[in-house]
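All values below come from the heavy atoms of this structure, side chains included, with hydrogens, waters and symmetry mates left out.
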Protein chains: 2
Amino acid sequence: MSRFADFPNPTLAVDIVALSVADTRLHCLLLRRDDAALVGGDWAFPGAVVHHGKPVEEAVARAAQIKAGLGALHLEQLATYGDPARDPRGHVVSVAWMAIAPHALLLDKVTANPDLCLAPVIVDWPGETGGPAQALGADGQPLRLAFDHAAILGDAVKRLRGKIDYSPIGFGFVPPRFTLRAVQEVHEAILGRPLTKPAFRRKLLDRHPLHPTGTLETGGAFRPAELYERDPAQEM
Amino acid sequence: MSRFADFPNPTLAVDIVALSVADTRLHCLLLRRDDAALVGGDWAFPGAVVHHGKPVEEAVARAAQIKAGLGALHLEQLATYGDPARDPRGHVVSVAWMAIAPHALLLDKVTANPDLCLAPVIVDWPGETGGPAQALGADGQPLRLAFDHAAILGDAVKRLRGKIDYSPIGFGFVPPRFTLRAVQEVHEAILGRPLTKPAFRRKLLDRHPLHPTGTLETGGAFRPAELYERDPAQEM
DNA sequence: TCAAAAGTGTTGATACTACACCCATGG
DNA sequence: CCATGGGTGTAGTATCAACACTTTTGA
């Protein structure tokens, strides 16, 4: 390490793109910035600096748990963003991570912390083209995101769209017991288009080992749907 | 940046996984290490340290061009590896990049630099399971790779296998004018299994805008194949 | 004219979509 | 018994893999 100390080093950080689905729409967790004028936006993803000698995952845990209050959830590395101009305060290279959680879990943290918000996510581009994404405020207007976080958000959506079909990642958005309709809403929110119910049900049931629990949804009007759960041996 | 200078920082570096296909087998470019005892292996991917204020891509260019002599080729970020123990000399977080090139291009660099080699790549795991990969020496025995480079190599192959079907990335392994058979060999090398010719031809021609050039392959015995080229407007 | 590889046509199986339909429940 | 969403059956279509076949060249 003596050899490396000679080089002037960029700072290394992580940013957490925490996502959930509600009302057939993707939402992301954002943290209010005091220094909006300095960092070029009012809102940003929760982040943390990587410390020397500690795993990158330690910074991820710090950003996700302490700053945003998240517990155990699905975490996946997205990409690393290294433009020297991305942070006006200095050269900060950031490893972006995507966190997937049921909406209620993120909502709890938002109500507990007034500096957090859960903003609906909008993408302009169709399919898997790629590009930046927007987060909407309570008034329906796009929020000003700091740094390159609009681009990171777009990359997160692109990653999700690319793997939602074949991977079990969609189950990260629903509680351990869920209706098939809830999973369908997750897929519709991510893909940004409606799906046909019978086709979706069948694909889901033969692609993933799901068990009907026998218990039914409660609280809804009309016929209650059956609750399913994933095979506990399966991982993301 | 004054705020960030307080934190002790890991060193940030890049590693280049340069890949090509020959003899229906994937090959990777490796650099001989003088310090094999220190870094835990005789061979490693070419790398470079990221300098403060310079884009990460600048380090990629340095690692790819100066150390390995590569020119313009397809580059794609793989992932970032941050285990504090991955480099015995100190905490070095590395952003791994995949470089795709025609085999002849890498072979030229290897013959020009005796510290480089182009090693066949072997994976134990089937399909898209994932896991570490091995690079073979001239004697057919696995080479000792430094750091976590066996895991990085495995991740590179996994990425390739995941996107070779729908993405045009396979064309990065062949020259601008190529036979369809050459592209098929690339796909077979990446997937690790034989493909049927008619199905492959049709899928390739449907999915990508390819133009027959009218000129034929030369130098082969038997019937020469037609040379195709990609639509110049298309990008990776 | 023969061997080997280029390139094409056809068929059978599979997967997916779309539509129609039945079921169960609260009011 | 009616409106509404849960859940299933069926048929048409597009996709894909395997096989057989024809074509073209060098020796």
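No option in A:Leu75, A:Val95, A:Asp15 other than A:Leu75 meets the side-chain contact (heavy atoms from CB on, under 4.5 Å) test with A:Val60. Under the side-chain hydrogen bond (donor to acceptor under 3.5 Å, both in side chains) rule, A:Thr215 has a single partner from A:Glu229, A:Arg177, A:Glu226, which is A:Arg177.
Summarising the geometry, the separation between CG on B:Leu204 and C1' on C:dT8 is reported as 16 Å, rounded to the nearest angstrom. A straight line from CD of A:Glu185 to P of D:dG5 spans 11 Å, rounded to a whole angstrom. Atom CD in A:Glu217 sits roughly 14 Å away from atom C1' in C:dG26 (whole-Å rounding). For B:Leu180 and C:dT8, the CG to C1' distance is 13 Å, given to the nearest whole Å. To the nearest angstrom, C1' of C:dA6 lies 10 Å from CD of B:Glu226. A straight line from CD of B:Gln184 to P of C:dT8 spans 14 Å, rounded to a whole angstrom.
Note: B:Gln184 CD to B:Leu204 CG = 9.0 Å, rounded to the nearest 0.5 Å. Rounding to the nearest 0.5 Å places CG of B:Asp165 at 6.0 Å from CG of B:Leu191.
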Under 4.0 Å protein heavy-atom contacts per nucleotide of nucleotides 12-21 of chain C, with B for base, S for backbone only and - for none: ----SBBB--
Sequence-aligned protein contact record of nucleotides 22-27 of chain D, with B where the base is within under 4.0 Å of a protein heavy atom and S where only the sugar-phosphate is: -BBBS-
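Applying the 3.5 Å distance criterion, the base of D:dG5 shares no donor-acceptor pair with the side chain of A:Lys197.
A salt bridge does not link A:Glu217 with A:Arg181: none of the charged nitrogens is closer than 4.0 Å to a carboxylate oxygen.
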Criterion ring-ring contact (aromatic ring centres under 6.0 Å, His included) on B:Phe171 and B:Phe178, from CA distance to verdict: CA-CA 9 Å; B:Phe171 296 110; B:Phe178 48 85; 5.5 Å; yes
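Between B:Phe45 and B:His149, the two ring planes are parallel [angle under 30°; tilted spans 30° to 60°].
The ring-ring contact (aromatic ring centres under 6.0 Å, His included) analysis of residues 211-236 of chain B, with sequence neighbours excluded, yields no pairs.
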